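See structure below.
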Amino acid sequence: CEDLISPDSVDNLRSAAPGSGLFKPVDFRFQVGPIFNFVSAAVVMPSGKTAYPKIEDNQDGTVTVKYQPTETGLHELHVKYNNEGIDGSPFLFHVDAVNSGYVTAYGPGLSHGVVHEPAVFTINTKEAGAGGLSLAVEGPSKTEIKCVDNQDGTCTVSYMPTVPGEYLITVKFADQNIMGSPFTAKITPGEPKKRAQLSVGSSSEVSLKVTETDISDLTASIRSPSGREEPCLLKRLANGHLGITFTPRETGEHLVNVFRNGKHIANSPFKIMVGESELGNASKVKVSGKGLTEGMANEVNEFVVDTRDAGYGGMSLSIEGPSKADIECHDNEDGTCRVTYRPTEPGTYIINIKFADQHVPGSPYSVKIGGEPSAKITERITRHKAAADVTHVGSECELSLKIPGTSPFDMTASVKSPSGLTELCDIVSLDDNHYSIKFVPKEMGIHTVSVKHKDMHIPGSPFQLTVGPIAGGGSHKVHAAGPGLERGEVQQPNDFNIYTREAGAGGLSIAVEGPSKAEIDFQDRKDGSCGVTYTVSEPGEYYVSIKFNDEHIPDSPFRVPISPSIGDARKISVSALQDKGLAVNKPAAFVVNFNGAKGKLTAMVISPSGTQEEALVQEVDDGQYAVRFIPRENGLHYVHVLFDNYHIPESPFRIMVGKVDAADAGKVTAYGDGLHTGKTGQVSKFIVNTVNAGAGALAVTVEGPSKVKLECKEVDEGYEFTYCPKAPGDYLISIR
């Protein structure tokens with residue numbers, strides 16, 4: 001009979017198999033049908049034994065399969081839904097002992113994935129000694145490989161497949177395949193969904209029984225019984241006492257620290273006891289309304305959420321489907337709220353409702369939205385771009401850019417010459433956020449111009465500028481960037497820049513497609529750059545396509561959400577915003593002034609890893625609010641500040657935590673014959689030097705007449721890439 005192993009009996013087992021050692025648990029995440037009990041999974045081990053892994057319902061149409069291996073070698077994972085194998089099943093994965101003394105690789109991206117979603121795996125080189133690591137991903141589509149050094153002997157690798165099928169992942173150390181390489185990953189189709197989300201806080205209010213007349217310069221944090229410390233809101237209560245509001249997540253004694261200028265106020269820290277009845281309980285939330293089962297596109301659909309019996313907790317709502325549906329939450333002031341949403345396209349939408357980080361009964365809801373698909377209107381302009389004048393050593397070079405939301409006092413620019421010498425550029429402020437960046441070159445060749453606002457690269461920077469004749473133009477040398485390619489507002493000018501100087505002469509085509517006709521204004525600055533402004537009359541999703549000689553430029557078409565008029569949000573201003581020099585795990589704050597506007601303020605912080613965390617908003621004076629958050633990572637953070645669900649001017653704000661010079665693309669250089677020339681059937685080679693660029697993800701792709709296997713290994717200067725073209729023609733190498 002079959003030898004079965006129960007999932008609970010294998011935790012922390014040590015294997016007596018070759019290469020014995022502790023095995024890393026293996027987790028898989030799969031899209032399945034709506035009924036969890038229909039899902040089954042089995043693992044066939046190299047010895048032929050079968051084990052049944054744990055299956056967890058993620059409550060969002062996916063399951064996580066967790067398996068603790070007990071053998072080294074190739075395993076098969078069979079996943080079924082309603083007794084039929086899901087797409088890609090069986091999945092193959094390789095297991096090696098963590099302390100084998102060899103380089104090992106593990107993670108879901110080595111066995112399966114979904115198109116247009118990052119497939120991730122980890123490589124462990126801790127015990128392996130000296131040697132170069134090389135990576136290659138081959139399959140039906142070209143993939144960008146990103147590799148992040150975790151500074152602990154491991155690196156995290158991700159690749160983004162765009163076509164379903166089988167992908168071969170080759171991992172080599174010291175020019176030898178590691179155990180299990182090449183790995184086979186099955187990539188299944190997936191439908192990209194558009195997501196809208198909203199968070200609503202529900203907090204407990206506690207008096208600290210001390211009187212404070214001025215609370216504007218006070219900060220507070222609360223430490224839970226488990227030791228987690230987070231900022232909490234301070235407010236002046238009706239009886240004059242100082243009060244705090246926070247969302248309790250644990251029972252027991254909490255300590256509240258209140259500081260003025262870094263020092264405890266009298267009687268701080270304060271002790272607060274939290275009882276069981278105050279903790280948020282999602283199972284006691286009641287949800288009702290037609291909008292949970294059906295609705296219509298381009299109409300307001302609604303439902304009601306009742307949290308009266310559920311304790312204190314934060315409520316989060318998200319809606320995902322064929323279009324981004326604007327969500328609004330209307331507080332009925334009685335413990336219930338009316339939620340409205342307005343999708344713009346028909347189809348099936350998923351509504352997730354969570355309270356205190358748990359799904360409420362019935363969530364996620366599947367909603368059928370009827371109606372007609374939105375009509376799309378396309379407006380297109382075409383302009384001929386003449387080749388830029390050839391510049392020479394000793395003659396002035398100029399780059400003109402319009403950069404909304406900037407101040408001339410915070411602008412800096414520098415140019416790096418082909419020999420590696422860096423000098424400052426002159427910046428001349430023209431009208432209305434329009435700048436001219438000038439420098440006089442001292443040598444021929446490709447120069448790199450870095451343009452920064454508050455020490456951070458502006459969108460599109462660094463720019464390439466050739467002194468002398470320009471070689472190898474084309475659509476891939478055209479770059480576009482600016483706020484009008486990220487988001488916009490109806491009846492307002494939405495701006496972006498196009499940089500064509502390095503592309504040579506050709507036809508430039510700009511098209512805007514969406515629910516209303518776009519008025520497009522084009523300004524040729526005659527220096528290899530141009531400005532585009534477009535205005536639309538209806539909100540919704542627009543696509544901006546930019547082509548050069550009938551070929552899309554990199555990242556085109558751009559998807560741009562256009563909001564209705566932001567109204568009073570335009571009056572809001574921000575002060576005391578520190579956008580650099582912040583430290584991890586240290587509270588940060590800035591002030592938002594309403595300037596007579598009436599509405600609700602919310603704020604969200606997105607960290608470099610993509611984690612979203614709600615910031616705390618507290619009123620410190622009439623029409624003046626403080627926004628507080630604690631950054632938990634180094635790197636560039638985006639702080640989204642919304643007024644009645646619309647971004648205020650200049651939101652999202654870019655804030656650098658830790659060192660400002662981390663991950664500077666302007667300090668990355670690439671060189672080698674493989675960037676310029678090559679022969680079919682022969683290996684081409686180039687080096688990407690990242691030594692002075694700080695920590696960051698590096699992505700390299702090669703496109704051309706034949707599919708090539710791109711291999712990478714670490715060298716003293718950074719990374720050495722090799723590829724072998726099979727067919728003659730032009731190949732495009734992108735380095736990001």
Side-chain angles (χ1 to χ4, degrees), residues 5 7 10 15 17 19 23-32 39-56 58 62-81 84-98 100 102-124 135-141 143-147 154-173 177-190:
I5 295 180
V10 295
S15 167
F23 296 107
K24 200 161 190 73
V26 183
D27 288 4
F28 301 87
R29 187 182 177 101
F30 298 109
Q31 191 86 31
V32 293
V39 183
S40 63
V43 175
V44 179
M45 294 183 264
S47 63
K49 295 177 183 176
T50 300
Y52 292 92
K54 293 178 181 177
I55 307 174
E56 293 182 357
N58 298 324
T62 68
V63 295
T64 297
V65 177
K66 296 190 169 187
Y67 175 62
Q68 174 64 58
T70 60
E71 297 180 9
T72 59
L74 192 64
H75 292 59
E76 283 186 9
L77 171 62
H78 297 258
V79 182
K80 293 182 177 181
Y81 183 78
E84 288 190 12
I86 68 170
D87 276 354
S89 180
F91 302 93
L92 304 179
F93 65 98
H94 193 276
V95 173
D96 202 359
V98 171
S100 64
Y102 297 102
V103 174
T104 56
Y106 53 89
L110 293 174
S111 58
H112 70 286
V114 178
V115 295
H116 300 299
E117 291 185 10
V120 181
F121 61 94
T122 301
I123 300 175
N124 184 341
L135 283 172
V137 178
E138 288 184 275
S141 71
T143 59
E144 271 192 8
I145 305 174
K146 292 188 178 180
C147 186
T154 69
C155 58
T156 301
V157 180
S158 67
Y159 62 96
M160 181 87 78
T162 55
V163 175
E166 287 197 352
Y167 287 70
L168 276 183
I169 299 145
T170 305
V171 183
K172 289 184 177 181
F173 184 75
N177 273 308
I178 71 167
M179 190 77 79
S181 175
F183 303 88
T184 302
K186 290 185 178 178
I187 304 298
T188 55

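Since this is a predicted model, take the numbers as computed values, not measurements.
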Straight-line distance of [X] [atom1] to [Y] [atom2], nearest 0.5 Å:
{"X": "Glu166", "Y": "Thr184", "atom1": "CD", "atom2": "OG1", "answer": "6.0 Å"}
{"X": "Lys146", "Y": "Met160", "atom1": "NZ", "atom2": "CE", "answer": "7.0 Å"}
{"X": "Tyr67", "Y": "Asp27", "atom1": "OH", "atom2": "CG", "answer": "13.0 Å"}

Specify the closest pair of heavy atoms between [X] and [Y], including all atoms of both residues, with the distance to one decimal.
{"X": "Pro53", "Y": "Lys66", "answer": "CB-O, 3.2 Å"}
{"X": "Ala185", "Y": "Tyr159", "answer": "CB-OH, 3.4 Å"}
{"X": "Ala41", "Y": "Ile55", "answer": "N-CD1, 3.7 Å"}
{"X": "Ile187", "Y": "Tyr167", "answer": "CG1-CD1, 3.3 Å"}
{"X": "Glu71", "Y": "Met45", "answer": "OE1-CB, 3.6 Å"}
{"X": "Phe121", "Y": "Gly109", "answer": "CD2-C, 4.2 Å"}

Side-chain heavy-atom pair [X], [Y] within 4.5 angstrom cut-off:
{"X": "Leu77", "Y": "Phe28", "value": "yes"}
{"X": "Thr154", "Y": "Ile123", "value": "no"}
{"X": "Asn58", "Y": "Phe30", "value": "no"}

Report the residue from Leu135, Asn177, Val103 that forms a side chain to side chain contact (heavy atoms under 4.5 Å, CB included) with Lys172.
Asn177
Partner of Val79 under side chain to side chain contact (heavy atoms under 4.5 Å, CB included), chosen from Ile86, Val63, Val43
Ile86
Taking NZ in Lys186 as the centre, count heavy atoms belonging to other residues, nucleotides or ligands within less than 6.0 Å. Is the count above 12?
yes
So, using side chain to side chain donor-acceptor pair (under 3.5 Å) as the criterion, who are the partners of Thr122 when residues are at least two apart?
none
